[in-house]
Amino acid sequence: MTYTTLHTSLENGIITITINRPDKLNALNQQVMSDINSVMEEVYKDPAIKSAIITGSGSKAFVAGADISEFTGASVEAGKALAIKGQSIFFKIENCPKPIVACVNGFALGGGCELAMSCHFRIASTNAQFGQPEVNLGLIPGYGGTQRLVQLIGKGRALELLMSAGMINAEKALQYGLVNYVVAAEELLTKAKEILSSINSKAPLAVAGCIKAANAVFDETLNGYEVEIDAFGNCFGTADMQEGTQAFLEKRKANFTGK
Ligand code: COA
């Protein structure tokens, strides 16, 4: 499919989704949000897509936030509706059964930091900068940022960033555990593809089970241990579990089919 504000390319089962508004530092306007929602539906449904990368176009920004020009004059109800919609799109990323990695290639501010945090993990280029500067605008994050920042870096560090509108660089983000790796900008996609190619060679339903169980840690309506029991048990009903265990015993490489 083609999208107004996204560029996509599919190679070896990995779809690279590039947010493409470089003149506005890839700010998330409603068209971008709607395109992200649609591309996520494609990721969920298309069996040719095994995993995804989300990144920003240009060398300066991943995403510099929600598009501030769309906020002026909006009512309380409109503000709540924006947050509900944004959160539901980012939940779609977080709960996707296929791995999604954010390649943070510059500013990841506000909604950009929230987008990166909704991905399963993050890799940053050396020039990346992270922050939730909403208080500069008389706002707070509305697309899950207050929750996921606390989950990822802890309450004290998160509240300092949220309340001060401060930014942290890639090295600090690595130290905080916000990103898994920091690499040169030109190596960013290569690094993500290397990791995803390895994950794509594993049993897809088992990978999906890992995502579901890990996400359950942060869902107070669920007991994560019970989710794990269920997901673990379900693996025993898959052809891939039979194949994986048999291949180990026969000292050969498993050939997974995702069934
Ligand atoms: N929403 C709308 N437009 C944005 C934007 C955003 N979140 N972030 C950047 N832009 C636009 C700028 O308005 C500018 O557009 P223009 O050329 O038509 O004037 C263009 O992107 C380039 O940004 P500019 O501010 O000129 O770049 P800079 O290098 O001087 O500063 C930032 C970079 C990221 C520090 C600065 O753009 C910024 O602070 N952005 C807003 C960050 C923010 O508050 N995000 C949270 C939103 S809820």
Side-chain angles (χ1 to χ4, degrees), residues 3-7 17-37 54-94 102-119 122-153 157-173 176 178-179 182 185 188:
Y3 301 94
T4 317
T5 63
L6 307 177
H7 177 257
I17 301 161
T18 307
I19 299 168
N20 191 26
R21 288 186 82 206
D23 54 325
K24 295 290 178 190
L25 304 187
N26 305 318
L28 303 173
N29 63 11
Q30 286 309 300
Q31 184 63 52
V32 180
M33 293 300 279
S34 161
D35 285 348
I36 293 175
N37 190 47
I54 299 182
T55 193
S57 74
S59 56
K60 198 167 164 184
F62 171 70
V63 166
D67 192 315
I68 298 166
S69 68
E70 292 184 340
F71 286 176
T72 51
S75 64
V76 169
E77 287 69 30
K80 286 184 183 171
L82 270 175
I84 289 167
K85 190 171 162 204
Q87 287 190 8
S88 84
I89 294 168
F90 287 5
F91 275 133
K92 209 176 252 185
I93 296 173
E94 183 168 59
C103 280
V104 181
N105 57 312
F107 289 114
L109 301 176
C113 191
E114 293 174 293
L115 172 64
M117 291 192 295
S118 71
C119 295
R122 290 142 291 284
I123 305 174
S125 58
T126 47
N127 66 324
Q129 300 261 7
F130 297 81
Q132 297 287 165
E134 285 87 348
V135 292
N136 283 336
L137 306 166
L139 274 171
I140 73 163
Y143 297 170
T146 60
Q147 306 303 294
R148 293 194 181 97
L149 196 60
V150 173
Q151 290 165 8
L152 286 165
I153 69 173
R157 285 166 168 170
L159 271 176
E160 184 183 345
L161 273 180
L162 290 163
M163 296 190 297
S164 67
M167 280 192 224
I168 56 170
N169 65 18
E171 277 309 318
K172 185 68 106 179
Y176 278 9
L178 188 56
V179 302
V182 177
L188 194 52

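Along the sequence shown, residues are numbered consecutively beginning with 1. Atoms within a ligand are numbered from 1 in the order they appear, just like the ligands themselves.
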Do any nitrogen or oxygen atoms of L137 lie less than 3.5 angstrom from nitrogen or oxygen atoms of ligand 1? no

4.0 Å protein heavy-atom contact status of atom 37 (O) of ligand 1, strictly under: yes

If you measure every N/O of K24 against every N/O of ligand 1, is any gap under 3.5 Å? yes

So, regarding P133 and ligand 1 (criterion: nitrogen or oxygen to nitrogen or oxygen, under 3.5 Å), is there a contact or not? no

Can you confirm whether I36 sits close enough to I19 that some side-chain heavy atom of one is under 4.5 Å from a side-chain heavy atom of the other? yes

Of the non-hydrogen atoms in C113 and A108, which two are nearest, and what is the gap between them? CB-O, 3.3 Å

Flag atom 20 (C) of ligand 1 as yes if some protein heavy-atom distance to it falls below 4.0 Å, otherwise no. yes

among protein heavy atoms, the one nearest atom 1 (N) of ligand 1 is I68 N, 3.0 Å

Side chains of N20 and S57 only: does a donor on one sit below 3.5 Å from an acceptor on the other? yes

Could you check whether any side-chain heavy atom of V150 comes within less than 4.5 Å of a side-chain heavy atom of T146, counting everything from C-beta outward? no

What is the nearest protein non-hydrogen atom to atom 29 (O) of ligand 1, stated with its residue, atom name and distance? K60 NZ, 2.6 Å

Indicate yes or no: at least one non-hydrogen side-chain atom of V135 is less than 4.5 angstrom from one of L162. no

Do N29 side-chain atoms and D67 backbone N/O form a donor-acceptor pair below 3.5 Å? no

Starting from atom 5 (C) of ligand 1, what is the nearest protein heavy atom, named by residue and atom, and what distance separates them? A27 CB, 4.0 Å

One pair to check against side-chain contact (heavy atoms from CB on, under 4.5 Å): Q30 and L82. What are the steps and the verdict? CA-CA 9 Å; Q30 286 309 300; L82 270 175; 3.1 Å; yes

Protein contact for atom 13 (O) of ligand 1 (heavy atom, distance under 4.0 Å): no

What do you think, any protein heavy atom under 4.0 angstrom from atom 33 (C) of ligand 1? yes

Is the closest N or O pair between E134 and ligand 1 shorter than 3.5 Å? no

Which ring pair (Phe, Tyr, Trp, His ring centres under 6.0 Å) pairs, counting each pair once, include a residue from residues 125-145, with sequence neighbours left out? F90-Y143

Does a side-chain heavy-atom distance below 4.5 Å link E134 with E114? yes

M167-ligand 1 polar pair, N/O distance under 3.5 Å: no

Six-ring centre of Y3, R21 cation under 6.0 angstrom, axis tolerance 45°: no

Would you say D67 touches ligand 1, if touching means a heavy atom closer than 4.0 Å? yes

Taking atom NZ of K92 as the centre, does the number of heavy atoms from other residues, nucleotides or ligands within less than 6.0 Å exceed 12? yes

Suppose I only count heavy atoms of L109 and a 4.0 Å limit; which atoms of ligand 1 are within that range? 34 (C), 42 (C)

Which residue holds the protein heavy atom closest to atom 23 (O) of ligand 1, what is that atom called, and what is the gap in Å? L25 CD1, 3.6 Å

Please confirm whether D23 approaches ligand 1 to less than 4.0 Å, judged on its heavy atoms. yes

Could you tell me if any non-hydrogen atom of G111 lies under 4.0 Å from any atom of ligand 1? no

With a 3.5 Å distance limit and no angle check, can you tell me whether S125 reaches the backbone of V104 through a side-chain donor-acceptor pair? yes

Using a 4.0 Å cutoff against the non-hydrogen atoms of F107, which atoms of ligand 1 qualify? 33 (C), 34 (C)

Establish whether atom 16 (P) of ligand 1 and some protein heavy atom are separated by less than 4.0 angstrom. yes

